[in-house]
Amino acid sequence: MSKSSTAIGNEFESKIFELFSGWLSAGQLALKPECCKIYQKKGYYSRDRQKDIKFDISIEVFYPGSTSYSNLMLIECKNYSHSVPVDDVEEFFAKIQQVSGANVKGIIASTHAFQEGTLTFAKSKGIGLLRYFDPLNFKWVLHRSPSTFSFSQGLYGQSDDIHSGLISESYQSRRFDFYCCNGDTYTNSLPVFFLDLTRDSLDDNLLIEYAQSPAPSHQPVVEYVSQDDMERRVQEILKAIKYNEGVVPLDQVCAWQSKKTGLIVKTGIPLLENNRDVGILGRIQFNPTEISIFDDPASKVRQKFTLAHELGHHFLGHSKYMSGEYCEANDFELDEYEELSQDDIRRMEWQANCFASCLLLPKNSFHFYFLTLARKYGLKNRGFGILYIDEQNCNRANYYVVTNALKSRFQVSRSVVRLRLKNLGLLNEGRDSLKF
């Protein structure tokens, strides 16, 4: 039996209430928890009606020591099968105007897009808009809401992209559970949204310390792992499976972890058409830990790196920060993470990639074989390193002959070999090297 529209709407309203209640209690929405009270279906007196108007969700904000709230946020929840029309925000604004006794701010939360006219009217009346995306469809499923993870406006998304996400019905966010708009502020950070919504009417002593301007940069939650520590962890794994040299047997790593931790690994899984469109290669889910590697006929070596990448999440204890992740081809662009930002997701992805590179190309074995090749082909350090690549044909030839041999020896891609060589200081790239 299908649910009624009322039941569907009530479910969404309850979900938003539970989310906001938890975030307020944890101080994640730019307001001190002790200064806030949140209600569901509470009535507020209307001068025009001479009776209460009930609102889906309300947040009352108090000055310290006060028994009467000074600010009121009223939230209307919309769970339509279509975009939210301007009529709805006009009606909501009319109800807000009837509530007296406090500085009132309105917010509309929706599971679907907003019509362009809705956006325009809301902006003119100072009403905030939130579009909610179900985290079940996210690339990363974090233990904490991505939209409360950082206090940095625009750190992850551009205004144009967020605007598109608010008005385009077909738009799907794969990382943030909320896209927000208040006036000219477009953000995927709920603390930024709430702070902007209350900035003109809320005294600083109601804000949590880090919300006061200027806000300090977000400190990473994910633990830092040094390159030396990564190498040490990999050496322990290789010792456990009695690795000697050549291709690293990932199946033995998986079998060892299956006995030790209950790890489940599934490979060669047919990829659904909608996942193929976004290039999904693998997935890890925790509790219990299960790695799925999707069939990738175009590149068996990429399948191997995908498995090593997901094993990195497993061995590095990333289950402390997320309950699952999808791995895509563009996650392997390691250069992007050389200058690590304070983004926790980037840090986890960089760590998983670094781990995979160390595991597939063990330092001692890889270094020894590289030096063997250097002696074989008469490569010497003439001031630019043993292996140097630029536009000169001789240097290009040396680069390809060495990387071809390393690819074959360890059964990985050239890009993985190149980055491992750079990481170990064995490759020096000239100005025009990236095209080779």
Side-chain angles (χ1 to χ4, degrees), residues 4-21 23-24 29-80 82-112 114-115 117-132 178 180-183 185 190 193-203 206:
S4 68
S5 58
T6 300
I8 293 173
N10 288 340
E11 283 185 4
F12 178 56
E13 177 188 318
S14 296
K15 176 180 288 187
I16 295 298
F17 177 78
E18 290 172 5
L19 290 175
F20 280 29
S21 295
W23 296 333
L24 283 168
L29 295 185
L31 297 168
K32 289 183 178 179
E34 63 270 23
C35 295
C36 301
K37 293 182 180 179
I38 185 169
Y39 300 95
Q40 192 172 7
K41 295 297 187 188
K42 183 173 180 178
Y44 293 88
Y45 186 73
S46 164
R47 297 184 301 266
D48 298 338
R49 301 185 187 186
Q50 296 188 3
K51 64 178 182 179
D52 287 349
I53 299 176
K54 288 186 178 180
F55 292 87
D56 293 344
I57 299 170
S58 56
I59 300 173
E60 298 174 356
V61 186
F62 297 76
Y63 283 107
S66 175
T67 57
S68 301
Y69 60 83
S70 60
N71 291 73
L72 178 63
M73 297 185 190
L74 300 172
I75 304 172
E76 183 122 321
C77 299
K78 302 293 184 184
N79 190 8
Y80 296 156
H82 55 77
S83 58
V84 179
V86 69
D87 292 354
D88 282 18
V89 72
E90 289 175 341
E91 180 182 346
F92 182 49
F93 178 67
K95 289 194 288 187
I96 291 174
Q97 287 186 306
Q98 298 176 52
V99 176
S100 61
N103 192 335
V104 184
K105 295 290 183 178
I107 301 169
I108 295 181
S110 172
T111 54
H112 286 261
F114 299 93
Q115 293 180 6
T118 306
L119 210 66
T120 302
F121 185 84
K123 178 179 178 180
S124 70
K125 301 303 181 183
I127 294 176
L129 301 179
L130 300 175
R131 184 176 180 187
Y132 174 75
F178 281 95
C180 317
C181 170
N182 179 55
T185 298
L190 284 169
F193 174 78
F194 272 83
L195 182 60
D196 188 75
L197 197 68
T198 59
R199 190 185 302 275
D200 296 333
S201 59
L202 200 60
D203 194 279
L206 291 178

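Residues: numbered from 1 along the sequence shown.
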Looking at [X] and [Y], what are the two nearest heavy atoms and their distance?
X: Tyr80; Y: Thr111; result: O-OG1, 3.9 Å
X: Ser58; Y: Leu74; result: CB-CD2, 3.8 Å
X: Arg49; Y: Ser46; result: N-OG, 3.0 Å
X: Thr118; Y: Pro85; result: OG1-C, 3.0 Å
X: Ile38; Y: Ser21; result: CG2-OG, 3.4 Å
X: Phe178; Y: Leu190; result: CD1-CD1, 3.7 Å

To the nearest 0.5 angstrom, please state how far the [atom1] atom of [X] sits from the [atom2] atom of [Y].
X: Arg47; Y: Gln97; atom1: CZ; atom2: CD; result: 9.0 Å
X: Phe62; Y: Ser68; atom1: CZ; atom2: OG; result: 7.5 Å
X: Ile16; Y: Asp56; atom1: CD1; atom2: CG; result: 10.5 Å
X: Leu24; Y: Leu19; atom1: CG; atom2: CG; result: 11.0 Å
X: Phe17; Y: Gln40; atom1: CZ; atom2: CD; result: 5.5 Å
X: Ile107; Y: Leu197; atom1: CD1; atom2: CG; result: 5.0 Å

Is there a side-chain contact between [X] and [Y] in this structure, where contact means two heavy atoms from C-beta onward sitting under 4.5 Å apart?
X: Glu11; Y: Asn79; value: no
X: Val89; Y: Phe114; value: no
X: Tyr45; Y: Gln50; value: yes
X: Glu90; Y: Phe121; value: yes
X: Tyr44; Y: Tyr39; value: yes

Take Asn182 and Phe193, measure what side chain to side chain contact (heavy atoms under 4.5 Å, CB included) needs, and give me the verdict at the end. CA-CA 7 Å; Asn182 179 55; Phe193 174 78; 4.0 Å; yes

Criterion side chain to side chain contact (heavy atoms under 4.5 Å, CB included) on Ile59 and Ile75, from CA distance to verdict: CA-CA 8 Å; Ile59 300 173; Ile75 304 172; 4.1 Å; yes

Within 6.0 angstrom of Glu34 CD, more than 12 heavy atoms from elsewhere: yes

Describe, in one word, how the ring planes of Tyr132 and Phe12 are oriented to each other, choosing from parallel (under 30°), tilted (30 to 60°) and perpendicular (over 60°). tilted

Plane angle bin for Phe92 and Phe55 - parallel if under 30°, tilted between 30 and 60°, otherwise perpendicular: perpendicular

Given the rule in the side chain to side chain contact (heavy atoms under 4.5 Å, CB included) test, do Leu31 and Met73 qualify, once you have shown the distances and angles that lead to the verdict? CA-CA 12 Å; Leu31 297 168; Met73 297 185 190; 4.1 Å; yes

Could you give me the CA-CA distance, side-chain angles and deciding distance for Lys105 and Asn71, then say whether side chain to side chain contact (heavy atoms under 4.5 Å, CB included) is met? CA-CA 8 Å; Lys105 295 290 183 178; Asn71 291 73; 5.8 Å; no

